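Everything on this sheet refers to the single structure shown next.
As the structure is a computational prediction, the values presented were derived from the model and not from experiment. Excluded from the calculations below are hydrogen atoms, water molecules and symmetry mates; all remaining heavy atoms, backbone and side chain alike, are included.
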Amino acid sequence: ALPICVGAFVSGSLADRFGRRTILLWSFLQVAGMGTGVAFAPNLVAYCILRFLTGMGISGFILNDLSLSQEWIPSKFRAMVVTSSAYIVTFGQPILAGMAYWLREWRWLQLASSAPFFIFFLYTWWLPESARWLIVNNKMDTALKQLKRVSNFNGKNKEHALSLEMLKLETLKDQHTEAPDRKS
């Protein structure tokens, strides 16, 4: 539990500074690398340190994956995606038990459970960065490019003409409605 809490604090702060996608990539690589390292840990101290770092990475990818998926998935599908993700995690537990039965040596089990994170790291490269994060960090051109890319993917490129001016106007409108009233 402690690595998850530390990972949430650290990865949340880093994601605000460097972007959700960057920290998601790093977290997948951290879980893959540290998890693989656990399988080769020469002693208990190394094992505990690597497991701690793996737990931190797990927290980082859960938080940033959830943030990105909630931002990029259309609202009518969000509940289904979150529910499906929860079912997949739940379904993974009996699979892990079956793997543990099949792979009796704990080091092989650790390798088998860490290896997929290298694949997750590779496929995450095509995910777009958070448009909200890009806008908040004044990277409007990149945000517009990402929004147009997603709009084209969703077949909405003809219906919604996106422009930099429209994006800036919407950002100013959001800032104005979110700003607290400062009347004394």
Side-chain angles (χ1 to χ4, degrees), residues 3-36 52-89 92 114-180:
I4 299 292
C5 292
V6 172
F9 178 75
V10 171
S11 67
S13 299
L14 291 175
D16 288 343
R17 183 170 185 172
F18 298 109
R20 311 282 181 250
R21 181 180 167 272
T22 302
I23 302 305
L24 179 64
L25 280 163
W26 173 257
S27 296
F28 279 139
L29 187 60
Q30 182 174 342
V31 171
M34 298 302 119
T36 300
F52 189 92
L53 293 171
T54 301
M56 286 179 62
I58 288 170
S59 181
F61 87 71
I62 288 171
L63 290 173
N64 289 293
D65 182 55
L66 184 63
S67 295
L68 285 171
S69 65
Q70 291 301 301
E71 183 171 328
W72 287 115
I73 293 174
S75 57
K76 64 182 178 182
F77 297 116
R78 286 181 190 155
M80 182 182 64
V81 168
V82 170
T83 303
S84 298
S85 297
Y87 281 130
I88 289 168
V89 170
S114 298
F117 286 94
F118 286 109
I119 297 167
F120 300 156
F121 170 75
L122 293 175
Y123 86 71
T124 304
W125 279 100
W126 69 265
L127 289 176
E129 177 57 83
S130 162
R132 180 174 288 279
W133 182 85
L134 291 167
I135 291 166
V136 166
N137 287 282
N138 205 25
K139 298 181 180 194
M140 299 290 191
D141 291 332
T142 308
L144 184 62
K145 189 185 325 178
Q146 295 290 5
L147 288 168
K148 284 183 176 181
R149 178 178 156 208
V150 171
S151 179
N152 285 337
F153 181 80
N154 290 333
K156 307 276 185 178
N157 52 349
K158 304 277 191 263
E159 298 173 25
H160 303 288
L162 294 171
S163 69
L164 194 55
E165 291 76 26
M166 185 180 86
L167 187 59
K168 287 179 183 179
L169 181 64
E170 287 296 319
T171 303
L172 287 173
K173 192 186 314 179
D174 285 347
Q175 288 174 350
H176 181 67
T177 58
E178 291 175 4

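To the nearest 0.5 Å, atom CG of residue Leu63 and atom CD1 of residue Ile58 are 12.0 Å apart. The structure places CG of Leu127 at 8.0 Å from CG of Leu25, a figure rounded to the nearest 0.5 Å. In this structure, Leu134 CG and Lys145 NZ are separated by 10.5 Å, a value rounded to the nearest 0.5 Å. Rounded to the nearest 0.5 Å, atoms CG (Leu29) and CG (Leu122) are 9.5 Å apart. To the nearest 0.5 Å, the span separating OG1 on Thr83 from CZ on Phe77 amounts to 13.5 Å.
For Tyr123, the ring pair (Phe, Tyr, Trp, His ring centres under 6.0 Å) test picks out Phe120, with sequence neighbours left out. Among residues two or more places apart in sequence or in another chain, the side chain to side chain contact (heavy atoms under 4.5 Å, CB included) test is passed with Arg17 by none. Shown here are the side chain to side chain contact (heavy atoms under 4.5 Å, CB included) partners of Val10, two or more places apart in sequence or in another chain: Val6, Leu14, Met56.
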*Apply side-chain contact (heavy atoms from CB on, under 4.5 Å) to the pair Thr36 and Phe118, showing each step before the final yes or no.*
CA-CA 10 Å; Thr36 300; Phe118 286 109; 3.5 Å; yes
*Kindly indicate, with the supporting measurements, whether the criterion side-chain contact (heavy atoms from CB on, under 4.5 Å) is fulfilled by Ile73 and Met80.*
CA-CA 10 Å; Ile73 293 174; Met80 182 182 64; over 6 Å; no
*Report the C-alpha separation of Trp26 and Phe61 in whole Å, then their side-chain angles, then the decisive distance to 0.1 Å, and conclude whether the side-chain contact (heavy atoms from CB on, under 4.5 Å) test is met.*
CA-CA 8 Å; Trp26 173 257; Phe61 87 71; over 6 Å; no
*side-chain contact (heavy atoms from CB on, under 4.5 Å) assessment of Leu53 paired with Gln30*: CA-CA 7 Å; Leu53 293 171; Gln30 182 174 342; 4.0 Å; yes
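Taking every heavy atom of both residues into account, Gly60 and Ser11 meet most closely at CA-OG, 3.3 Å. The two atoms that bring Gln146 and Pro128 nearest to each other are OE1-CB, 3.1 Å, heavy atoms only. Closest of all the heavy-atom pairs between Ala131 and Leu147 is CB-CD2, 3.9 Å. Ile4 approaches Gly55 most closely through the heavy-atom pair CD1-O, 3.4 Å. Closest approach of Ala143 and Ile135 over heavy atoms only: CB-CG1, 3.8 Å.
The side chain to side chain donor-acceptor pair (under 3.5 Å) analysis of residues 52-76, with sequence neighbours excluded, yields the pairs Glu71-Ser130. Applying the salt bridge (Lys or Arg N to Asp or Glu O under 4.0 Å) test to residues at least two apart or on different chains, the pairs with a partner in residues 18-34 are Asp16-Arg20. Residue pairs meeting the ring pair (Phe, Tyr, Trp, His ring centres under 6.0 Å) criterion with at least one partner in residues 125-144, sequence neighbours excluded, are Phe121-Trp125.
Contact of the Asp141 side chain with the Lys139 side chain is not registered, since no non-hydrogen atoms from C-beta on lie closer than 4.5 Å. Put simply, the side chain of Ile119 does not reach to within 4.5 Å of the side chain of Phe28, judged on heavy atoms.
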